[in-house]
Amino acid sequence: MRTNWNSIWRYIHLTFGLILVVYHARIAWYHQGIVDSVWSADIDKLVSTTLIFFVMWTGLAKWPIYPWYKKRQNKKKRAQKAAAAE
């Protein structure tokens, strides 16, 4: 598999997302009575300020915006060529 920025952002996003899944699973297990305690206030602060920020921005960064732009540019060029041919 070729390494490019999209795949790098994907794996960073998945890593931070899986950490969030574990964080929320522990909270759900606490409410179900499976574990006896939830996370400390320091971990809650880390998750709410840092992890959610990284998950959000890496999710946005991995979107392949460039192909959409290129497709739009090609559409404009085809329209210009069609107008010139007429």
Same cluster (ILVMFWY, side-chain, under 4.5 Å), Tyr23 and Tyr30: no
same_hphob_cluster(Ile43, Val55) at 4.5 Å side-chain heavy-atom cutoff: yes
Val38 to Ile27 - nearest heavy-atom pair and separation: CG1-CA, 4.5 Å
Rounded distance (nearest 0.5 Å) linking atom CZ of Phe53 with atom OG1 of Thr58: 9.5 Å
Any donor-acceptor N/O pair, His24 side chain to Leu20 backbone, under 3.5 Å: yes
Enclosure of Asp36 CG (heavy-atom neighbours >12, cutoff 6.0 Å): no
Minimal non-hydrogen separation, Thr49 against Lys45, with atom names: OG1-O, 2.7 Å
Distance, nearest 0.5 Å, that separates CD1 of Ile19 from OG1 of Thr15: 7.0 Å
Common cluster, Leu18/Trp57, ILVMFWY with side-chain heavy-atom separation under 4.5 Å: no
Residues in side chain to side chain donor-acceptor pair (under 3.5 Å) contact with Ser40, at least two apart in sequence or another chain: none
Crowding at CZ, Phe54 (>12 non-hydrogen neighbours, <6.0 Å): no
Shortest non-hydrogen contact from Leu51 toward Phe16: CD2-CD2, 3.2 Å
Trp29 atom CH2: more than 12 heavy-atom contacts under 6.0 Å: no
